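This report refers to the structure that appears directly beneath it.
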4 protein chains.
Amino acid sequence: MAGSTFGRVFTITTFGESHGPAIGVVIDGAPPGISLATGDVQKELDRRRPGQSAITTPRAEKDRVEILSGVFDGLTTGTPIALLIRNEDTKSSDYDNLRNLFRPGHADWTYGAKYGVRDWRGSGRASGRETAARVAAGAVARRVLEARGVSILGFSREIDGVRAQSVDPAEIERNPARCPDPGAAPRMVERIERARADGDSVGGIVEVVVGNCPPGLGDPVFDKLEALLAHGIMSVGAVRGVEVGAGFEAARMRGISNGMEIVIRAALRPPASIARPQRTLDASGESVTVEIAGRHDPCIVPRAVPVIEAMTALVLVDCLLVQAAYSSR
Amino acid sequence: MAGSTFGRVFTITTFGESHGPAIGVVIDGAPPGISLATGDVQKELDRRRPGQSAITTPRAEKDRVEILSGVFDGLTTGTPIALLIRNEDTKSSDYDNLRNLFRPGHADWTYGAKYGVRDWRGSGRASGRETAARVAAGAVARRVLEARGVSILGFSREIDGVRAQSVDPAEIERNPARCPDPGAAPRMVERIERARADGDSVGGIVEVVVGNCPPGLGDPVFDKLEALLAHGIMSVGAVRGVEVGAGFEAARMRGISNGMEIVIRAALRPPASIARPQRTLDASGESVTVEIAGRHDPCIVPRAVPVIEAMTALVLVDCLLVQAAYSSR
Amino acid sequence: MAGSTFGRVFTITTFGESHGPAIGVVIDGAPPGISLATGDVQKELDRRRPGQSAITTPRAEKDRVEILSGVFDGLTTGTPIALLIRNEDTKSSDYDNLRNLFRPGHADWTYGAKYGVRDWRGSGRASGRETAARVAAGAVARRVLEARGVSILGFSREIDGVRAQSVDPAEIERNPARCPDPGAAPRMVERIERARADGDSVGGIVEVVVGNCPPGLGDPVFDKLEALLAHGIMSVGAVRGVEVGAGFEAARMRGISNGMEIVIRAALRPPASIARPQRTLDASGESVTVEIAGRHDPCIVPRAVPVIEAMTALVLVDCLLVQAAYSSR
Amino acid sequence: MAGSTFGRVFTITTFGESHGPAIGVVIDGAPPGISLATGDVQKELDRRRPGQSAITTPRAEKDRVEILSGVFDGLTTGTPIALLIRNEDTKSSDYDNLRNLFRPGHADWTYGAKYGVRDWRGSGRASGRETAARVAAGAVARRVLEARGVSILGFSREIDGVRAQSVDPAEIERNPARCPDPGAAPRMVERIERARADGDSVGGIVEVVVGNCPPGLGDPVFDKLEALLAHGIMSVGAVRGVEVGAGFEAARMRGISNGMEIVIRAALRPPASIARPQRTLDASGESVTVEIAGRHDPCIVPRAVPVIEAMTALVLVDCLLVQAAYSSR
């Protein structure tokens, strides 16, 4: 109930602060007999980690994952799978001036008000770094889905108003914007680079398409598949809107079509840590000017693609296992 | 886990089929000492019920609520509050031709596939009638919020492309579209009436504004306030998209603003039960034409306003009670 | 989290006070396709209700159950099953002198301290009457178990020190003590009658034997079958101890045997409402003498048999459905 | 739902196999601002670990704990606390002959049947070693209780039929049996040593007394304090019975007394790994003779004391936090 657990049968609990000893996740409820190696998880973490391309933050988090439990002889055993990622390159001195400040647009103030104490180094628990634990758990979920032939494909549908007009899956990992349209990709990259040069930041839209999804996933009433997806995806810090299928366009349609293909879109706001001086409050409530020295992305949309994919995979596997409980009755 | 329960501390469990003996809800975890009368619940049910205006379905569901438990001498006692609404005017003969058909855009097929058996009368459990139980529970949540000075104001922001340009709270209940802009209201009503005349249906956007909301509601990571709201609101059948704050517009902004006012928008698709003949499948998989005799709304946006308000109230009260568990530690 | 819900997949939520309009239960997660009639539930309620024999309280609660939802054409549909029992014969005037008193050994004081307000009539929510809702839900669980060939047999193993030395299933319902040993039965009845004559009360031990139980039920670590049974059975008000298998005898054994037959024993204390004057506290903390006019059992062991059976059935079905979620992966 | 999580607000999730890389626990929901150092946890682990005295197994598990998250500047921050214990001295070669065998009285067969695959080394997840993670989490719970003046005192009430007749708290940690009666202690030790000499094993009873417990803990109906304690304690592998207060003696009492002091007793069976040859089944269902080379305790009662204390502490803290959610409303 304290918020770090997600899922009903395939349940994940994440832990860790950005500048503490480690972050990680415990997965309880993973099916036994699924082939799982460290590399399966590392591969997804490498897609999320900073420093992977010219347009992301140069922080060199290596994000090496270790499997602590739940796997024996290369197969999951049905017991909890604990995944550990030690924190490295945590220059907390970058954040020394934040000890008594609350950064604008961050959760700093909220945590301080809620708990009385807070780890002020680099957002602590509220850091985007927490999503690495989600991606690690999502990698296990993806192995379960692959075993059932279900595919998950994510990409940047839009960045700073530049929209992908076509979707070529082969194109996505070829450009640092994770744009599926080779025409739009260079323009997206250009927008991100310009924002960096201006000390500014930009947002965008991540789209995820689920292929070969079994029918009937999700429960009636409160735990419909769409509702669980909305919950999981809206819980990613920068997300401000979630759509399924026709989404907001449906509000202007006549009649309806009820296609079986699952498409999800998440709107991401521009990141809050920008290089320009900003007005904020200090611990005594005084208004002060803060410049944030930490190295941050001018646009998190490309790195958010594996995170939104992970949340989608986690919800789908959870629903698959819940469905099994009922269909086998 | 079977989907009919929502909330962590203020927990609701709904039950009932549209054409069975009754629908209802059990609320476990309501605070004690809150003043609660049948009229408090009835008032909200009357805003949702069919037949309330010229532009809604003429089905005359009276929706009389009875409080079965949890209230003594006009105050809640902290024990479960059970609310019962008997079904009346349930002409299941209207649905006789659906015994072996699955209606396009309805959950009929999904339920049939999932459970093997189904109550084929008027969508059964999947009927929009289930939302009456949510509104009843939401009325109790609203009483808790009122005692803390928190207000919830919902309205139709857009119907069939006609958008409210201003928000006058006094205007909302004065027109059957629940439009807060007296200029846009007649045009919304006209669009709905035209859709009915055409045997067609239209969608729209419901907006809910929360006033005087205590800071820090919601938990870190997976149970952020926005995530719980997205879950609850996306679980309403016709909703295809949920936004908080700037929503999808945020994807095109530079920098961010982190206002404290809570605004939520839900996109509702046009309802699926339209009067024109439609192609669908029968139980043996054959394609057939179906005409649906039941009396349905050409637009559910106005009646969805109290439903989205109810889901918002339920999430807020749940978060308030969870916060109490931690702040008093 | 407020305590009125039990189970993980086969989830029950009970509601109602002893002297309010009604009590009842909502079962979410029942499998579809199970044959269920009102009589199936009524039969079990009749085994629990007061006034069924010379040695129980003469209160004539009829306990007529109504199925409100979840059943169509005689079969469960997989949707929530709501069961309603209206309260009758609720002489709250019997309890008028308790408005400002807390009865010794009752939960009155605890509820008052916890919630500030309380329904003082006949223990309100804390009344043993709440177990009728458990028995009603248990009747549905028993139907699910019967369909799988699992049997549940409960009886009074011991009353006021008189112990059944043999178990003849046919004997149990033939005597009002629910004693499976025809030799011990009259002595148990005699002890109960003597306690009534003395205005006193006696306790005993209920035993439940599960036949043909599938192997491997229960989850590792915290949700072992024994742990869930202990939780459910210890939650019945008068129970002070729970054993599985050899129980406390195992503490004195050498080595172990790990039989497959499931045997559970629950120790029940004497009921607290006895006819003799007792010292207690009033609302202002003064010590006063109270005589309790309500009609109560001098021994609840025979009527507790269907309650402990119900809790056993509820746990077993829940574990069966959880197992299905994993075994079908 | 997969069984490795316990608690509602103060929630623990344990992970790890006895012969894998590590075991550990994630605590979500711990209050912020509690002083917590590695030594606080290490102290309790040292009371549980093997090799601590002449009468326990000579396996030299060092059980060094590392705090991975949730603590900053010596105080808990309200975020998840992850505790890690690396496995050392894991001679899996001791278990080579068990690769295709199922040990009598162990969960080996159950896990094998349930999951299809299993970690056959030293019981894997089903090993008693999992209780180290519970003790680590319990140490954090004890810090929370200490801050509120609540004390928890556990001891061996009975071993192999030898019963402690008096309770001197200062005596408990002075003798390897954790017996509070200096007269009974040497006789308990003697019984354990004789069992070891015979290649046999013995059981006993652990008692825990809670001092200064706030009134009203636990929720009505299913989550009474006694029910949650029974759940938690019965989930410890060797426990076969749980009593609260007068326990099974209450079944033979007249009238009742409703004292406020909380006393819990757990009956522990003799451990299953004994040195003598035993008959069991191999993977093909053949009956074979097995000798178990692993080093095991002839009596686990003294080492179970901190485990039962830990489960008691975990339940109490969980109830304290739940109560806070309601009382502050």
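Being a predicted model, the structure only gives us computed values, none of them experimental. Note on naming: letters A, B, ... go to the chains in the order of the sequence lines (proteins, then strands), and numbering restarts at 1 for each one. Below, all heavy atoms of this structure are taken into account, side chains as well, without hydrogens, waters or symmetry copies.
Of all heavy-atom pairs spanning A:D219 and B:G3, the tightest one is CB-CA, 4.0 Å. Here the shortest heavy-atom pairing between A:G247 and B:A267 reads O-CB, 4.0 Å. Taking each heavy atom of A:R125 and B:V221 in turn, the nearest pair found is NH2-CG2, 3.5 Å.
Of the residues considered (B:R134, B:M311, B:E130), B:R134 shows the highest number of contacts with chain A, using heavy-atom pairs under 4.5 Å. Note: B:V242 leads B:V242, B:V202, B:T131, B:D223 in heavy-atom pairs under 4.5 Å with chain A. Between chain B and the options A:S4, A:A246, A:A266, A:A238, the largest number of non-hydrogen pairs under 4.5 Å is found for A:S4. Contact count against chain A (heavy-atom pairs under 4.5 Å) is highest for B:S235 among B:S235, B:G232, B:A195, B:G241. Taking B:R265, B:H231, B:K224, B:M234 one by one and counting their heavy-atom pairs under 4.5 Å with chain A, the maximum is reached by B:H231.
Every ring pair (Phe, Tyr, Trp, His ring centres under 6.0 Å) that B:F222 has, sequence neighbours left out, goes to A:F6. A:A133 is linked by a side-chain contact (heavy atoms from CB on, under 4.5 Å) to A:T14, A:V25, counting only residues two or more places apart in sequence or in another chain.
A:R252 and B:E158 are joined by a salt bridge, as a carboxylate oxygen and a charged side-chain nitrogen come within less than 4.0 angstrom of each other.
A side chain to side chain donor-acceptor pair (under 3.5 Å) with A:R240 is found for one member of B:E249, B:E226, B:E243 and no other, namely B:E226.
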